[in-house]
Amino acid sequence: MPNNTIVVIAGPGAGKTHNMVEKVLSALNDLKANKFCCVITYTNAATEVIRNRISKKIDIPPNLFIGTIHSFLNHFFIIPYFRLFFKDFFKDKLLESVNELSFCEAVKKSGNFANEQRRIASEFKTEKKLLKEGKICYRTSIFTAFKLSKVTKIIKKISNRIQFLYVDEYQDSDHFINEIFKSLINGREFSSFFIGDKKQKIHSTTSFPLPIRNKVTDTIDNLIIEKGVTTEEIIDNWRSSEEIVKFISNFERFEQIARNPLNSYPVVFINDNIIETIYTKFEELINLSKSSPENTDTFYKVILSESWKDDSPINTIILLSNFRNKYNLKLIENNMKNSVLSFYQMFEVCLVSGVNKNKKEIIEENFTLSIIEFRKFILKLIHKYTNKKCITYFKEKAKNDDNINLFSFYTFSLKKKFREKLKLENKTNGKLITCNNLINFAFSKSDGIELDLHKNTFCATIHKFKGLEATCVLVISPSNNILKKWLETNEDKQNKTSREGFVAFSRARKLLCISCLEDIDKDTKEKLKELDVKFSDEILETKEVSHAN
């Protein structure tokens, strides 16, 4: 393995994406016309962030690939080589090779399994059978690419197409992905750059059956030990205040340095286990700490917990769900802005409703990579038709022409663009569907719905909020036992639950509050004091005394 493979260990708030984008832009100056620069992430949201940041600096060249791990494997491995090596996958001589490939997210859930592990294993077995028909599912795209990577002439051809390789959030990769990348870079003459933080590994990337998924527990460590790999550390934290950085450094193997000149306020444990009282004290602490909304894209106030389900039989989750409904708190979804997922669905339904084909037919006829490319296409239309400049254009046209109905004109225009791009025919009543929910959201977005993020309190699961940040964060533990695991500083005793706590704590910029829905025991209290966490009763009582004087 050549010495131009670098693994960067970067903690939360280190500016991982910014760092990688700058390296990509620098590398493009030396990119050959017949080679690719590949930038790989693990979510569609992260892909769009990187694409947008690069497109603001340059016009994206055709040999710059930016996409998720699945789209990368489909593009470079499966589409070019699966049909050619079909017989190597399936030894049955009577089985004919498939003519076309199709991609889907997963098999349809069916059957009742007493054990979740059996359900996952059964689905994976079904998905492998679908390979014989040329149907590639979410997990089997990785499995299939892994098999192809073991063919020497294939991996050599793919490696020869790549000059630069950048992989973000590498801690979220699994055994198969790790082996694919090791095969790619082993003995090849191109530059590769992997960045991640194993303390933030809380997602299961592929949902393979557990015995397969856990072959390698930490892919970063596994990659680092390869011959010729060099490592770097980024210890800067550009997100959080000095007090918060000092606190979360207790759970890392290196101490971060706070680079953001924010006013420091201590990390606070809220002494109460009644959710309504916890929330009230959280609001009081925000006012006391003077953590006012920032002029950024961050959320202002966010409450993080393991779950916010409405139909859970677990008492603590029912408490949280009832609280969320009572206070009408908005639930943050996967993407960068609140309600983006539902907004995407509204947009998609609106567009498809205006043409003479259904979604499945549109994808089969127009998109090589099935639903992945279709979603990218829809997202581009969303960006085009919801930016402030575009909305202003529609408003001005309607304002200057009494015959134009703003909402109808807007809907008709975006549906027309959709039809023209895909050469589809208009449905007879398509233009009469105004899609009011979509329009209301799109126009309020342009008028500054982002500012509402600073006025309301949002809630999210820890998993959903990974990668995001907020000015003030309240982290709620459902039990004393889980809180203990969150506060575990001994690396040998830390587990997935410990990492969830670390991710939750590191989302905060100015104020971090921690709470528990159970009474905490003496050991937990001592641990909080050891970590220099202050208790809300002492802070709020001091405030009351000073007011009295």
Side-chain angles (χ1 to χ4, degrees), residues 8-22 41-43 45-46 49-50 52-53 168-172 195-203 232-268 282 285-286 289-304 332 334-338 450 453-454 458 460-475 486 499-514 531-533:
V8 178
I9 311 300
K16 292 190 287 292
T17 303
H18 172 80
N19 187 286
M20 193 168 74
V21 166
E22 291 302 311
T41 70
Y42 283 84
T43 65
V49 168
I50 292 173
N52 289 339
R53 289 189 184 183
D168 196 12
E169 301 289 356
Y170 197 64
Q171 76 277 352
D172 288 331
I195 189 165
D197 177 13
K198 64 180 183 179
K199 289 295 174 67
Q200 296 187 65
K201 182 178 176 62
I202 62 173
H203 288 293
E232 296 178 2
E233 286 185 352
I234 302 176
I235 61 175
D236 297 327
N237 186 312
W238 298 92
R239 174 187 298 155
S240 304
S241 68
E242 187 175 352
E243 290 283 354
I244 295 173
V245 170
K246 181 182 175 183
F247 173 72
I248 62 177
S249 289
N250 288 295
F251 310 103
E252 280 275 27
R253 61 182 180 83
F254 56 84
E255 186 172 345
Q256 285 193 304
I257 299 174
R259 298 295 189 187
N260 200 330
L262 296 169
N263 293 328
S264 276
Y265 196 80
V267 177
V268 181
F282 177 51
L285 287 163
I286 290 173
S289 65
K290 299 180 181 178
S291 298
S292 57
E294 301 166 87
N295 187 23
T296 69
D297 289 332
T298 62
F299 291 87
Y300 176 31
K301 298 179 284 188
V302 174
I303 305 175
L304 298 179
I332 296 169
N334 274 324
N335 291 327
M336 297 301 289
K337 293 286 189 288
N338 179 54
E450 286 86 353
L453 298 177
H454 302 319
F458 293 84
T461 63
I462 296 169
H463 285 77
K464 293 281 188 184
F465 208 64
K466 184 173 182 280
L468 304 181
E469 58 188 71
T471 305
C472 305
V473 172
L474 167 62
V475 186
W486 285 357
R499 296 195 298 271
E500 287 173 354
F502 177 74
V503 167
F505 300 151
S506 59
R507 300 307 95 196
R509 287 173 56 80
K510 288 186 176 181
L511 176 66
L512 171 61
C513 294
I514 305 168
L531 296 172
D532 201 24
V533 176

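Being a predicted model, the structure only gives us computed values, none of them experimental. For the numbers below, each heavy atom of this structure counts, side chains included, while hydrogens, waters and symmetry mates do not.
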side-chain contact (heavy atoms from CB on, under 4.5 Å) assessment of L474 paired with V302
CA-CA 6 Å; L474 167 62; V302 174; over 6 Å; no

Quick one: does any side-chain atom of S240 pair with a main-chain N or O of A508 as donor and acceptor, under 3.5 Å?
yes

Heavy atoms of Q200 and V503 approach each other most closely as CA-CG2, 3.8 Å

How many angstroms lie between CZ in R499 and NZ in K198, if you round to the nearest 0.5 Å?
9.5 Å

Of all heavy-atom pairs between A10 and A14, which one has the smallest distance, and what is that distance?
CB-CB, 3.9 Å

Any side-chain heavy atom of V473 sitting closer than 4.5 Å to one from L304?
yes

R507 bridged to E469 by N-O distance under 4.0 Å:
no

Residue pair L512 / V268, side-chain heavy-atom distance below 4.5 Å:
no

So, Y300 side chain and S291 main chain: donor-acceptor pair closer than 3.5 Å or not?
yes

Could you state the interatomic distance from CZ (R509) to CD1 (I244), rounded to the nearest 0.5 Å?
9.5 Å

If you measure from CD1 on I50 to CG on D168, what distance do you get to the nearest 0.5 Å?
5.0 Å

Measuring from atom CD of E242 to atom CG of N237, what distance do you get when rounded to the nearest 0.5 angstrom?
11.0 Å

side-chain contact (heavy atoms from CB on, under 4.5 Å) for K510 and K290? Distances and angles first, verdict last.
CA-CA 9 Å; K510 288 186 176 181; K290 299 180 181 178; over 6 Å; no

Output for pair (N19 CG, E232 CD), nearest 0.5 Å, gives 8.5 Å

So which heavy atom on K301 is nearest to which on I286, and how close?
CD-CD1, 3.2 Å

Indicate yes or no for a side-chain donor-acceptor contact from R239 to the backbone of P12 under 3.5 Å, with no hydrogens or angles considered.
no

Side chain to side chain donor-acceptor pair (under 3.5 Å) contacts in which one or both residues fall within residues 244-255, not counting sequence neighbours
E233-R253

Would you name the heavy atoms of C513 and L285 that are closest together and state the gap between them?
SG-CD1, 3.8 Å

Using the ring pair (Phe, Tyr, Trp, His ring centres under 6.0 Å) definition, which of the options W486, F502, F505 pairs with F247?
F505

Can you measure from NZ (K201) to OH (Y170) and round to the nearest 0.5 angstrom?
10.0 Å

Evaluate the criterion side-chain contact (heavy atoms from CB on, under 4.5 Å) for residue pair M20 and I195; output intermediate values, then yes/no.
CA-CA 8 Å; M20 193 168 74; I195 189 165; 4.3 Å; yes

Q171 side chain vs D197 backbone, donor-acceptor pair below 3.5 Å
yes

Would you say that V245 contacts I257 through its side chain, given a criterion of any heavy-atom pair below 4.5 Å between the two side chains?
no

Which pairs with one or both residues in residues 258-268 pass side chain to side chain donor-acceptor pair (under 3.5 Å), sequence neighbours excluded?
D236-R259

Identify the heavy atoms of I234 and F254 that sit nearest to each other, and give their distance.
O-CE1, 4.0 Å

Between L511 and T471, is a side-chain contact (heavy atoms from CB on, under 4.5 Å) present by the stated rule, with each step listed?
CA-CA 7 Å; L511 176 66; T471 305; over 6 Å; no

Aromatic ring proximity, centroids under 6.0 angstrom, F465 and F299
yes

